[in-house]
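First up is the structure itself, then whatever we jot down about it.
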Amino acid sequence: LPASRAQQGTQPQSIKIEGDITLGGLFPMHSRGPAGIPCGEIKREKGIHRLEAMLYALDQINSDPELLPNITLGARILDTCSRDTYALEQSLTFVQALIQKDNSDVRCSNGEPPIFPKPERVVGVIGASGSSVSIMVANVLRLFAIPQISYASTAPELSDKSRYEFFSRVVPPDSYQAQAMVDIVKNMGWNYVSTLASEGNYGESGVDAFLQISREAGGLCIAQSIRIPREPRPGEFDKIIKRLMETSNARGVIIFANEDDIKRVLQAAKKANLTGHFLFVGSDSWGSKNSAIEDQEEVAEGAVTILPKRASIDGFDQYFTSRSLENNRRNIWFAEFWEDDFKCKLTRPGIKYDPGRRKCTGDERISRDSQYEQEGKVQFVIDAVYAMAHALHSMHLDLCAGSMGVCEKMDPVDGRMLLQYIRSVNFNGSAGTGVMFNENGDAPGRYDIFQYQMSNVSNPGYKNIGQWTNHLRLNSEEMQWSGGDRKIPESVCSFPCESGERKKMVKGVPCCWHCELCDGYQYLLDEFTCDMCPFDMRPLENRTGCRPTPIIKLEWSSPWAIIPVFLAILGILATTGAIVTFIRFNDTPIVRASGRELSYVLLTGIFLIYLITFFMIAEPSVAICAFRRLFLGLGMCISYAAMLTKTNRIYRIFEQGKKSVTPPKFISPTSQLIITFILISVQLLAVFIWFGVIPPHTIIDYEEQKPPNPEFARGILKCDMSDLSLILCLSYSIVLMITCTVYAIKSRGVPETFNEAKPIGFTMYTTCIIWLAFVPIFFGTAQSTEKMFIQTTTLTVSMSLSATVSLGMLYIPKVYVIIFHPEQNVQKRKRSFKAVVQAATVTTHLSLKSNDKQNGESKVEPDRSQ
């Protein structure tokens, strides 16, 4: 190459390489400086490596006899200092030759017109690196029709040819990259992530593309989208980490940021003691750079990064590692790189010597005395230079056929025509992959996917774990995370709900939900809905469906059944004994005096009262339900109808006796039986009407035992008798009982030596007390889960007790006398009805005068058989 020199004076920060055709170059040789200072520290990889890649490509092209023969490519290379405004000022150098100047009034001292040196004309520009810088520069280059090929700018905005007509790039746009990153996130099962973007076109447009693609794909939600200011204030990155922790479930952080911002984000995370919490997915600005994570490796461990598919260019490695201070004077920033790379100090004009650092010897060698790894975009810098060279070569073949060197048609080079040649190139690049451009000037999307790994690896660093070429191929088995964990961490807004829980979505965030248990008798219809089980079913334990509710009935072995059955059996035995005794001694005075016919009727009723216990406890069926309806009220009806007839007869006899000696009507045994059966027939008629209107049947009651906990829910097999119908069934018997009680009260003054009024009275008083106790117990347990059992037991025990009272008061004493004192069971002398009444009347008067005098000394009873 011709001699190279650093331009001093007006252009102190540029490299000028002479050539027949000059290409411009824009590289971030320095990082962005603090406020008020345009440039900061030297950038070894993104700056020096890429710059040297362009110089290496120019060397290769100029030494290639097949490509641009007899034409030498020169260069004007500028430092952008990673700042778009500074880059804009620098790039004005490229258009100086195209700006028309009016020099007509300028004359030399001798009156001759001055001779101006012809300004260099840049035919095309390689660069820039950052998208925001490329956009700023592209707006200027477009005005002067200078084609531009970027090696690193990936902002989707640059695909808009209505605004950036002369811009092309050998890297795919971020829309492809964003698609790849969405695919990576979804492949790892994440659905809740945050995004971080450096202010500027690269970061913001990259995140915008990611957001748009994730919305279109669905199933991915953005927790926060944070922008890093172009000029961050102190503490800004601490605030960013604090904001990210507001949605701590979103551990995945999609980061489209420049190298400096990436480093400061990692520093802030480490400062906040959040090493291992965040799971970074970095764009190609992170790629596989070590400088971005220097001293922050623990925080960056597990970071998944993406880089346009590349290969290490061996020729460049040989070239770069052979560079030294002596053989690379054309690179004006190389000395600064040398100091930074070898941590030493050179003695340079205008630079004060730092005694704290060792002095450079100049004998240091790259890779031998310092760590070296080829920067990821080196391949694309070389491809961009070669693309420009191939376009110029094709243009030269068409315009200067047979000419050596640059012909008139290419002096000057028509920028718009060169652009057409650039868009038409198609050649194998430095890595062996095809270099071409689509109608928007974009390269096809081909990406390598890396993960930074430290644990359980011999050489910590970036490991290739997959690739993306229109679709994702990711080796999940090769991935490992903080601490060497192989399991992919979760970055989800809400964890899956437990079995039997529904999702209650958070409004506006489709990936977030609260889990609500399907309670009570609900089951999970679908993941968002709880529904009630059918009335005869209860939910499964995991509430994923419903199962039949178990059906129960009152079992014979239940404590609720044992006591009533025991009482009923005793009652039946006692009643049977009384009936047998009465039949055996049917013609004895005591049996005859008690009114044999009504006694048998009454004992039958008592027997039926005891018998109903077995029908109430037996398993419900149509026949059992019919028997329940029939006998529930019938036994009591028979008993109280007979007792009512007896008390009414006694009352009428003695009331009549007070008025006349003529006996009242209907006091014969036949009349008494007819009256009793008429009273009984009313009950029977009502029951048979009930049979006709509503035939007896069984039902399963699922509401009675339906507690809050469905595990204890039971369906109860029962007859179709509600509490109301049961009371109505007994109501007639209760009316008879009350009426009988009234007559017993009215007949209380009749001496017991003449009748059974007082035992019947005591029977009715006791029975009323029993039934008064029954009512609150029966209805007070209506809300109990044991309602059916309690009510059945209460009813049967109450009926058995009332039957026992009747049996004990009216017949047990007689049976006792008949069996154990037969000498008292003898015929007494008869008296006329008139004598009986007169004696009873006298006795009554005496009893009213003196309560301590025994009523009636005579043991003679009226003949009831009259």
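Just so it is clear, the model here is predicted, and its values are computed rather than measured.
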Do you know the tightest heavy-atom contact between [X] and [Y]?
X      : Y      : answer
Tyr732 : Leu679 : OH-O, 2.7 Å
Val601 : Ala642 : CG1-CB, 4.2 Å
Thr604 : Tyr600 : OG1-O, 2.7 Å
Pro489 : Trp190 : O-NE1, 2.8 Å
Arg628 : Ala618 : NH2-O, 3.2 Å
Leu807 : Ala574 : CD2-CB, 3.6 Å

Can a donor-acceptor pair be found, under 3.5 Å and without considering hydrogens, that links the side chain of [X] to the backbone of [Y]?
X      : Y      : value
Arg714 : Gln705 : no
Ser731 : Leu728 : yes
Tyr610 : Thr804 : yes
Thr796 : Thr793 : yes
Lys814 : Ala578 : no

Strictly below 4.0 Å, N to O, side chains only: are [X] and [Y] in salt-bridge contact?
X      : Y      : result
Arg543 : Asp519 : no
Lys553 : Glu555 : yes
Asp720 : Arg629 : yes

Got [X] and [Y] here, is their nearest side-chain heavy-atom distance under 4.5 Å?
X      : Y      : answer
Ile572 : Phe614 : yes
Thr766 : Met809 : yes
Thr576 : Phe607 : yes
Ile612 : Phe627 : no
Met721 : Trp690 : yes
Glu501 : Leu524 : no
Glu541 : Ser499 : no
Met643 : Leu810 : yes

Please report the interatomic distance [atom1]([X]) to [atom2]([Y]), rounded to the nearest 0.5 Å.
X      : Y      : atom1 : atom2 : value
Leu801 : Ile769 : CG    : CD1   : 12.0 Å
Cys546 : Met532 : SG    : CE    : 9.0 Å
Leu602 : Ile606 : CG    : CD1   : 5.0 Å
Ile583 : Arg596 : CD1   : CZ    : 12.0 Å
Ile680 : Leu634 : CD1   : CG    : 7.0 Å
Cys530 : Lys503 : SG    : NZ    : 13.0 Å

Requested in this report: Assess whether side-chain contact (heavy atoms from CB on, under 4.5 Å) is satisfied between Val565 and Trp556, documenting all intermediate values.
Outcome: CA-CA 8 Å; Val565 168; Trp556 294 102; 3.8 Å; yes
Report task. Could you go through the side-chain contact (heavy atoms from CB on, under 4.5 Å) check for Leu730 and Leu795 one step at a time? Result -> CA-CA 11 Å; Leu730 295 174; Leu795 176 63; 3.8 Å; yes
Counting only heavy atoms from other residues, nucleotides and ligands, does the tally under 6.0 Å from [atom1] of [X] exceed 12?
X      : atom1 : answer
Phe691 : CZ    : yes
Ile563 : CD1   : no
Phe528 : CZ    : yes
Arg547 : CZ    : yes
Glu498 : CD    : no

Query - side-chain contact (heavy atoms from CB on, under 4.5 Å) between Met537 and Tyr523, intermediate numbers included - result: CA-CA 11 Å; Met537 304 184 84; Tyr523 73 100; over 6 Å; no
In terms of ring plane angle, is the pair [X] and [Y] parallel, tilted or perpendicular, where the classes change at 30° and 60°?
X      : Y      : answer
Phe789 : Trp560 : parallel
Phe535 : Tyr702 : perpendicular
Phe820 : Tyr816 : tilted

Query raised in the report: Quick one: are the Cys493 and Cys512 sulfurs under 2.5 Å apart?
Result: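 Yes, Cys493 links to Cys512 through a disulfide.
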Requested in this report: Give yes when the SG atoms of Cys515 and Cys497 are nearer than 2.5 Å, otherwise give no.
Outcome: yes
Query raised in the report: Using a distance-only test with no angle check, is there a side-chain donor-acceptor pair under 3.5 angstrom linking Ser494 and Tyr192?
Result: no
Requested in this report: Under the side-chain contact (heavy atoms from CB on, under 4.5 Å) rule, what do Arg502 and Thr529 come out as? Steps first, then yes or no, please.
Outcome: CA-CA 6 Å; Arg502 77 176 185 95; Thr529 311; 5.8 Å; no
